[in-house]
A.B. asks: 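Pasting a structure here, questions to come.
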Amino acid sequence: MEMLTIGAFAKASRLSPKALRLYDELELLRPARVDPETGYRYYAPEQLEQARLVAWLRRLGMPLAGIREVRALEPAAAAREIRAFWARVESETATLRDLAAFLVDHLSRTVPRDRSDPSFPGNPSEDTTMLELRYSALSDTGLVRPANQDTAYAGTRVLAVADGFGSEGAPASSAAVEALKFLDSEPLPAGSVLNLLEDAVQGATRAVQEVAGPTNEIGTTLTAMVWTGSQLALVHIGDSRAYLLRDGGLFRITHDHTMVQSMLDEGRLTPEEATAHPQRALLLKALTGGGSAPTPAPDVRLHDALVGDRYLLCSDGLSAVVPEATIRDTLAAAPGPDEAAQALVKAANDSGGPDNVSCVVADLVNAESQ
């Protein structure tokens with residue numbers, strides 16, 4: 001059988017030799033033969049179609065783990081998976097589009113305009129719809145752990161879940177959330193909320209360090225959202241999560257700061273392998289005590305909000321044992337935040353309750369219609 005050298009195959013497939021070597025290591029595209037003495041890779045001409053598929057999927061922005069999954073499917077199933085991936089991309093793009101529109105509008109309003117302009121702030125024709133959160137918070141010890149180290153909080157503006165670890169995990173999670181509660185009574189214009197939130201996170205970091213002392217074996221995750229009246233500001237560090245239920249679809253809007261998640265991002269693990277990985281709970285980022293290394297910065301960003309949105313913040317006591325499909329169905333079926341939080345905690349305990357489980361559920365509603 002005629003073989004192509006890696007250079008010739010790279011030119012024909014429009015993949016670089018470096019990419020081909022990486023895809024070989026990740027088992028995305030193995031060469032047909034490897035010279036046992038030189039280690040040089042050779043490819044069969046019929047592998048060109050597979051290589052082009054990998055290249056096309058990379059151009060779509062599909063993660064390596066997703067490409068590996070698509071490559072293993074029959075054409076019809078692969079097409080369905082690509083369609084589902086693109087639907088997620090379009091949803092995320094729509095979210096970014098809405099955020100961009102908000103920023104354009106917000107910055108445009110800072111420019112003085114003619115008060116006769118109907119869109120001038122305060123004119124009768126301006127949209128004055130008042131939005132607010134309806135919320136519920138619930139935390140449970142679970143069925144295995146002797147004590148609850150989670151903290152869950154929901155207020156008029158602040159939603160937060162923290163999952164403590166170590167000998168003083170409960171005080172650490174409580175200290176982190178307490179440091180954010182003052183934002184419930186502060187006026188929070190969207191233009192400055194991120195600065196306020198970053199200051200609050202610094203306060204939370206100091207509070208955790210006071211509890212934990214010199215050791216980084218004590219600490220907490222923190223996932224929180226702050227309502228400005230038009231936007232939600234998100235702060236996240238660790239592996240607690242935030243989800244959005246919108247128009248029947250469930251979207252995870254946080255990224256786990258764990259070793260397993262980093263391996264998934266790099267294509268070194270499949271989602272199935274990740275669920276059984278022995279280090280799936282190993283955190284790469286958290287709020288901890290004063291170890292030798294500085295505390296890594298959390299993710300902080302603005303998130304668009306629409307009437308009818310339902311948000312879930314939860315510890316991994318829920319997300320690690322209850323499939324996302326079940327979380328979606330439970331959130332969609334519950335008439336209100338109280339019922340949703342109770343049903344989710346029950347689902348975690350029905351799945352064995354191996355960890356503390358905390359849920360905050362909040363609905364964005366039109367205040368005038370309540």
A.B. asks: Consider only side-chain heavy atoms of I, L, V, M, F, W and Y, link residues closer than 4.5 Å, and tell whether Met62 and Trp56 are in one cluster.
C.D. replies: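 Per the 4.5 Å side-chain linkage, Met62 and Trp56 are not co-clustered.
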
A.B. asks: For Lys181, check salt bridge (Lys or Arg N to Asp or Glu O under 4.0 Å) against everything at least two apart and list the hits.
C.D. replies: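 If we apply the salt bridge (Lys or Arg N to Asp or Glu O under 4.0 Å) test to Lys181, skipping adjacent residues, the hits are Glu178.
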
A.B. asks: Taking Gln47 for its side chain and Arg30 for its backbone only, find out whether a donor-acceptor pair lies under 3.5 Å.
C.D. replies: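 Between the backbone of Arg30 and the side chain of Gln47 there is a qualifying donor-acceptor contact (under 3.5 Å).
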
A.B. asks: Going through the checks in order, is the side-chain hydrogen bond (donor to acceptor under 3.5 Å, both in side chains) test met by Ser240 and Asp163?
C.D. replies: CA-CA 7 Å; Ser240 296; Asp163 182 355; 4.9 Å; no

A.B. asks: Taking the side chain as C-beta and beyond, is there a heavy-atom pair between Ile82 and Val70 under 4.5 Å?
C.D. replies: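 A side-chain contact under 4.5 Å exists here.
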
A.B. asks: Provide the closest heavy-atom pair for Ser230 versus Ala305 in the form atom of the first, atom of the second, distance.
C.D. replies: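 Ser230 and Ala305 have their closest heavy atoms at O-CB, 4.4 Å.
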
A.B. asks: Thr326 side chain to Val322 main-chain N or O, any donor-acceptor pair under 3.5 Å?
C.D. replies: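 Judged by distance alone, no pair lies under 3.5 Å.
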
A.B. asks: Side chains of Leu244 and His303: closer than 4.5 Å at any heavy-atom pair?
C.D. replies: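 Contact flag for Leu244/His303 side chains = yes.
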
A.B. asks: Please check if the number of heavy atoms outside Asp247 that lie under 6.0 Å from its CG is greater than 12.
C.D. replies: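 Not more than 12 within 6.0 Å, no.
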
A.B. asks: Using only heavy-atom distances, determine whether the side chains of Ser136 and Asp338 contain a donor-acceptor pair under 3.5 Å.
C.D. replies: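 On atom types as modelled, these side chains qualify, holding a pair under 3.5 Å.
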
A.B. asks: Is any side-chain heavy atom of Leu133 closer than 4.5 Å to one of Thr156?
C.D. replies: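 Side-chain contact under 4.5 Å: no.
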
A.B. asks: Is the backbone N or O of Leu306 less than 3.5 Å from a side-chain atom of Asp309, with the two atoms forming a donor-acceptor pair by type?
C.D. replies: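 Confirmed, Asp309 side chain pairs with Leu306 backbone.
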
A.B. asks: Do Ile327 and Leu250 touch side chain to side chain, with heavy atoms closer than 4.5 Å?
C.D. replies: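 Side-chain contact under 4.5 Å: yes.
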
A.B. asks: Side-chain heavy atoms under 4.5 angstrom apart, residues restricted to Ile, Leu, Val, Met, Phe, Trp, Tyr: same cluster for Phe182 and Tyr153?
C.D. replies: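 Result: yes, single cluster for both.
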
A.B. asks: Using the ring centroid of each side chain, check whether His257 and His236 are separated by less than 6.0 Å.
C.D. replies: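 Yes; His236 has its ring centre under 6.0 Å from that of His257.
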
A.B. asks: Measuring from atom CD of Gln149 to atom CZ of Arg145, what distance do you get when rounded to the nearest 0.5 angstrom?
C.D. replies: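 So the CD of Gln149 and the CZ of Arg145 are separated by 7.5 Å.
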
A.B. asks: Checking side-chain polar atoms at under 3.5 Å, does Asp150 have a donor or acceptor matched by the opposite partner on Ser315?
C.D. replies: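 Side-chain D/A pair, Asp150 to Ser315: present.
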
A.B. asks: Under the criterion side chain to side chain contact (heavy atoms under 4.5 Å, CB included), I'd like the reasoning laid out for Leu302 against Leu194: C-alpha separation, chi angles, the key distance, then a yes or no.
C.D. replies: CA-CA 7 Å; Leu302 282 173; Leu194 291 184; 4.1 Å; yes

A.B. asks: Spell out, as yes or no, whether a donor-acceptor pair under 3.5 Å connects the side chain of Glu339 to the backbone of Gly336.
C.D. replies: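 Checked: pair present.
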
A.B. asks: If you round to the nearest 0.5 Å, how far is OH of Tyr311 from CG of Leu159?
C.D. replies: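 With rounding to 0.5 Å, CG (Leu159) is 10.0 Å from OH (Tyr311).
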
A.B. asks: Step by step, would you call Asp363 with Tyr135 a side chain to side chain contact (heavy atoms under 4.5 Å, CB included)?
C.D. replies: CA-CA 6 Å; Asp363 293 346; Tyr135 49 82; over 6 Å; no

A.B. asks: Heavy atoms, side chains only, cut-off 4.5 Å: are Trp227 and Leu364 in contact?
C.D. replies: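 Contact flag for Trp227/Leu364 side chains = yes.
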
A.B. asks: Please report the shortest heavy-atom distance between Val208 and Ala172, naming the atom on each side.
C.D. replies: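 Reported closest heavy-atom pair: CG2-O, 3.6 Å.
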
A.B. asks: Go through the side-chain N and O atoms of Asn349 and Asp140 and say whether any donor and acceptor fall under 3.5 Å apart.
C.D. replies: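 Yes, Asp140 and Asn349 have a side-chain donor paired with an acceptor closer than 3.5 Å.
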
A.B. asks: If we count only N and O atoms by modelled type, under 3.5 Å, do the side chains of Ser139 and Ser358 hold a donor and an acceptor together?
C.D. replies: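 Yes, side-chain donor-acceptor contact under 3.5 Å.
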
A.B. asks: Would Ile218 and Ser167 count as a side chain to side chain contact (heavy atoms under 4.5 Å, CB included) if you check the C-alpha gap in whole Å, the side-chain angles of each, and the deciding distance to 0.1 Å?
C.D. replies: CA-CA 7 Å; Ile218 296 172; Ser167 60; 3.4 Å; yes

A.B. asks: To the nearest 0.5 Å, what is the distance between NZ (Lys285) and OG1 (Thr221)?
C.D. replies: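 Answer rounded to 0.5 Å: 13.0 Å.
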
A.B. asks: Under a 4.5 Å side-chain heavy-atom rule over Ile, Leu, Val, Met, Phe, Trp and Tyr, are Leu318 and Val321 clustered together?
C.D. replies: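 Yes.
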
A.B. asks: Under a 3.5 Å threshold, yes or no: a donor from one side chain and an acceptor from the other, between Tyr243 and Arg241?
C.D. replies: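 Yes, because at least one side-chain N or O of Tyr243 sits under 3.5 Å from a partner of the opposite role on Arg241.
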
A.B. asks: How long is the straight-line distance from CZ of Phe85 back to CD1 of Ile67, given to the nearest 0.5 Å?
C.D. replies: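 That separation rounds to 8.5 Å.
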
A.B. asks: Ignoring hydrogens and angles, state whether a donor on the side chain of Ser173 or Thr151 is under 3.5 Å from an acceptor on the partner side chain.
C.D. replies: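 A pair is found: one side chain offers a donor N or O, the other an acceptor, under 3.5 Å apart.
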
A.B. asks: Report yes if the side chains of Leu331 and Val361 come closer than 4.5 Å at any heavy-atom pair, otherwise no.
C.D. replies: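 Contact flag for Leu331/Val361 side chains = yes.
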
A.B. asks: For a 4.5 angstrom cut-off between non-hydrogen side-chain atoms, does Leu282 reach Val260?
C.D. replies: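 The answer is no; the side chains never approach within 4.5 Å.
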
A.B. asks: Work out which heavy atom in Leu222 is nearest to a heavy atom in Ala162; give both atom names and the distance.
C.D. replies: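 Leu222 and Ala162 have their closest heavy atoms at CD1-CB, 4.3 Å.
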
A.B. asks: Quick one: do Ile253 and Met225 satisfy side chain to side chain contact (heavy atoms under 4.5 Å, CB included)? Show the steps, please.
C.D. replies: CA-CA 11 Å; Ile253 56 177; Met225 302 188 85; 3.9 Å; yes

A.B. asks: Are Val34 and Tyr42 grouped together when hydrophobic residues (ILVMFWY) are joined by side-chain heavy atoms under 4.5 angstrom apart?
C.D. replies: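 Cluster IDs for Val34 and Tyr42 differ.
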
A.B. asks: To the nearest 0.5 angstrom, please state how far the CZ atom of Arg41 sits from the CD1 atom of Ile6.
C.D. replies: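 Result: 5.5 Å between the selected atoms.
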
A.B. asks: Heavy atoms only: give me the nearest Tyr23-Val54 pair and the separation to one decimal.
C.D. replies: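 Closest approach of Tyr23 to Val54, heavy atoms only: CE1-CG1, 3.4 Å.
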
A.B. asks: Under a 4.5 Å cut-off applied to non-hydrogen side-chain atoms, are Val307 and Val365 in contact?
C.D. replies: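 Val307 vs Val365: side chains apart.
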
A.B. asks: Using the rule that two of Ile, Leu, Val, Met, Phe, Trp, Tyr join whenever any of their side-chain heavy atoms come within less than 4.5 Å, decide whether Val345 and Val360 are in one cluster.
C.D. replies: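 No, because Val345 and Val360 fall into different hydrophobic clusters, even though each may have its own neighbours under 4.5 Å.
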
A.B. asks: Taking the side chain from Asp316 and the backbone from Ser319, do they hold a donor-acceptor pair closer than 3.5 Å?
C.D. replies: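 No.
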
A.B. asks: Measure the spacing between CG of Leu197 and CZ of Arg301 and express it to the nearest 0.5 Å.
C.D. replies: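 Here the rounded value is 11.5 Å.
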
A.B. asks: Grab the two heavy atoms, one from Ala170 and one from Asn148, that are nearest each other, plus how far apart they are.
C.D. replies: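 Smallest interatomic distance, heavy atoms only, reads CB-O, 3.8 Å.
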
A.B. asks: Could you tell me whether Asp184 and Arg157 have a side-chain N and a carboxylate O separated by less than 4.0 Å?
C.D. replies: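 No, no charged N to carboxylate O under 4.0 Å.
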
A.B. asks: Looking only at heavy atoms, which two atoms of Pro298 and Ile237 are closest? And how far apart?
C.D. replies: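 That closest heavy-atom pairing would be CB-CB, 3.7 Å.
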
